[in-house]
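Residue indices begin at 1 and follow the sequence shown. These figures come from a predicted structure and were not determined experimentally. All ligand and atom numbering here is 1-based and tracks the order in the structure.
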Amino acid sequence: MSQPVTGFSKLSKIEKIDWLLQHHFDNNSEIKKVILQYWNTDEALQNLHDEFIENTVSNYYLPFAVAPNFLINGKMYTIPMTIEESSVVAAASKAAKFWLDRDGFKAEVINTTKVGQVHFTFSGSAMVLRNFFNNVKSQLISDTASLTTNMQKRGGGILDIELRDKTEQIPNYYQLHATFETLDAMGANFINSCLEQFAKTFKSAAAEDIEIQPHDLTIVMSILSNYVPQCLVKAEVSCKVEDLKENDNENPHEFAEKFIQAVKIAEVEPYRAVTHNKGIMNGIDAVVLATGNDFRAVEAGIHAYAARDGHYKSLTHSEVKDGIFKFWIEIPLALGTVGGLTKLHPLVNVALQMLGKPSARELMQITAVAGLAQNFAALRSLTTTGIQQGHMKMHLMNILNQMGATKEEKAKMVDHFKTHTVSHSEVVKTLASIRQSSTNQ
Ligand code: MEV
């Protein structure tokens with residue numbers, strides 16, 4: 001157990017590492033080596049990363065991969081994906097190729113409205129508050145002029161502010177519920193700045209209103225909402241049931257039936273729905289991370305949406321109608337392609353350029369497609385071969401790396417497991433026998 005420390009943030013980076021070593025690692029120089037090993041030799045690049053957050057001591061790498069062959073609304077994309085889990089990118093690429101040969105993905109943005117709220121309590125009359133709000137509403141908007149001018153010039157800004165009475169849930173609790181259009185920005189800073197200005201104007205105008213007692217009104221907090229059910233995107237694929245067939249020994253009708261059953265199960269059974277949606281998030285988070293967006297916000301918003309009617313369920317849906325198989329997803333996604341990390345992080349910049357510098361609306365569509373593709377690939381495996389066959393093949397490299405296999409050993413092992421089932425014990429046994437036979441030679 002380390003002792004409490006004061007002034008830690010003021011220490012230099014190397015002093016922080018030395019403190020860590022002393023207090024947590026018994027001054028083990030191997031640990032220091034690992035931490036330093038991940039520093040970038042390009043000092044400017046390292047400084048850039050150090051300054052993203054506080055108390056940085058090293059970098060934490062995640063693989064940056066690409067999934068090609070995505071045809072979305074008639075346009076080809078190679079999708080950047082940042083994720084640590086093996087099989088995800090392979091599955092996305094496989095699904096992309098499958099649907100490339102079947103007219104690709106269609107996607108559309110349904111709406112792009114974002115929300116922020118000033119939460120406050122008011123102990124006076126509700127009628128007085130309503131009149132006061134109606135009188136002050138235009139000033140709430142005009143006082144934010146310096147914040148909103150640029151956004152407004154581009155066609156965005158504050159859409160509306162409503163007074164919401166929440167006193168049935170919590171005594172004296174009200175909200176200024178505001179809606180925003182933030183265009184290509186995710187908009188968190190814009191929304192939060194506007195909300196804090198609303199709160200200031202609201203409080204100071206209330207202080208001058210003779211009908212309101214100074215102690216009647218307390219601002220509790222002002223913050224955007226990551227629940228964005230009006231910032232929605234839909235993506236879908238469809239084809240004739242017969243065209244679902246990939247090889248001769250498949251029955252596409254049986255496949256479609258089983259696939260739809262699997263989606264239905266995720267619509268009614270929360271234990272399955274969470275895993276089903278987790279697979280969707282494998283695709284979504286990977287794109288959100290690669291493009292420098294806030295995956296925590298996206299996760300929170302999407303899962304809340306999955307439970308919007310009080311019952312957590314699948315984000316995807318599937319049907320067969322008139323011989324046509326259709327599979328689609330509808331999710332809320334608040335993404336940005338300007339601001340935040342988008343210009344700062346060199347790899348995020350590469351990711352966005354790879355996608356053709358998309359607008360936020362286009363990125364919403366691409367991201368939803370990545371989620372749908374991932375879910376298609378997962379359900380296809382689950383309802384046919386099971387996922388372990390493909391997953392363990394991809395995981396083979398992780399096991400071999402853990403066991404310190406050489407390049408030659410890896411090549412032999414990959415070859416061997418083309419025709420054998422991968423399991424941890426099989427890998428250990430086979431590697432031992434390869435090593436044994438090469439020492440005998
Ligand atoms: C694993 O990361 C994701 C899956 O479990 C998703 C699913 O079960 O649908 C394969």
Side-chain angles (χ1 to χ4, degrees), residues 62-67 70 79-99 105 234-237 244 246 250 254-290 295-296 298-303 305-307 311-319 325-331 333 367-399 401-402 421-424:
L62 282 178
F64 178 87
V66 297
F70 273 93
I79 299 189
M81 300 181 81
T82 297
I83 188 159
E84 87 301 344
E85 184 176 333
S86 49
S87 302
V88 168
V89 178
S93 307
K94 204 170 164 210
K97 187 74 182 42
F98 181 90
W99 287 106
F105 296 82
K234 185 176 173 189
E236 69 171 59
V237 283
L244 286 168
E246 252 191 323
E250 274 178 6
E254 260 172 33
F255 167 71
E257 208 172 296
K258 230 171 157 186
F259 189 97
I260 290 171
Q261 196 66 26
V263 177
K264 276 202 184 120
I265 290 169
E267 281 168 351
V268 299
E269 167 54 55
Y271 278 96
R272 173 57 201 151
V274 172
T275 317
H276 177 100
N277 289 347
K278 185 275 180 187
I280 294 172
M281 298 316 290
N282 278 345
I284 291 177
D285 278 341
V287 182
V288 169
L289 260 175
F295 62 93
R296 288 85 57 210
V298 166
E299 283 274 354
I302 288 184
H303 292 298
Y305 188 73
H311 176 93
Y312 187 93
K313 57 187 185 199
S314 168
L315 295 159
T316 53
H317 312 279
S318 187
E319 66 176 24
F325 169 84
K326 195 169 136 188
F327 179 47
W328 71 99
I329 187 169
E330 191 187 272
I331 42 168
L333 269 178
T367 310
V369 163
L372 185 70
Q374 211 64 51
N375 192 223
F376 180 78
L379 293 184
R380 192 170 176 87
S381 298
L382 286 168
T383 58
T384 54
T385 56
I387 56 155
Q388 281 313 82
Q389 185 185 311
H391 186 75
M392 288 309 281
K393 277 224 160 94
M394 298 295 162
H395 191 52
L396 173 62
M397 220 26 93
N398 289 343
I399 305 175
N401 282 333
Q402 268 166 25
T421 305
V422 180
S423 72
H424 197 274

Should you measure from each heavy atom of [X], which atoms of ligand 1 turn up under 4.0 Å away?
{"X": "Thr275", "answer": "5 (O), 6 (C), 7 (C), 8 (O), 9 (O)"}
{"X": "Asn282", "answer": "1 (C), 2 (O), 3 (C)"}
{"X": "Glu85", "answer": "1 (C), 2 (O)"}
{"X": "Ala378", "answer": "9 (O)"}
{"X": "Leu382", "answer": "7 (C), 8 (O), 9 (O)"}
{"X": "Lys278", "answer": "1 (C), 2 (O)"}

(Q) Please classify the Val88 to ligand 1 contact at 4.0 Å (heavy-atom distances, strictly less than): side chain, backbone, both or neither. (A)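 No part of Val88 is near ligand 1 at this cut-off.
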
Q: Could you tell me whether Gln374 approaches ligand 1 through its side chain, its backbone, both or neither, with non-hydrogen atoms closer than 4.0 Å?
A: neither

Q: Hey, can you tell me if Tyr312 and His303 have their rings parallel, tilted or perpendicular (30° and 60° cut-offs)?
A: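 The arrangement is parallel - the two ring planes meet at less than 30°.
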
Q.
For ligand 1, which is the ligand I care about here, please tell me if Asn375 has any N or O atom under 3.5 Å from one of the ligand's N or O atoms.
A. no

(Q) Side chain or backbone, does His276 bring an N or O within less than 3.5 Å of an N or O on ligand 1? (A) no

(Q) Using 0.5 Å steps for rounding, measure from the CG atom of Leu244 to the CD atom of Glu254. (A)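 Answer rounded to 0.5 Å: 12.5 Å.
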
Q. Can you tell me how far the CZ atom of Phe64 sits from the CD1 atom of Ile83, to the nearest 0.5 Å?
A.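 Nearest 0.5 Å value for the CZ-CD1 distance: 13.5 Å.
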
Looking only at atom types and distance, does a side-chain atom of [X] sit under 3.5 Å from a main-chain N or O of [Y], one as donor and one as acceptor?
{"X": "Asn277", "Y": "Leu315", "value": "yes"}
{"X": "Gln374", "Y": "Val88", "value": "yes"}
{"X": "Ser318", "Y": "Lys326", "value": "yes"}

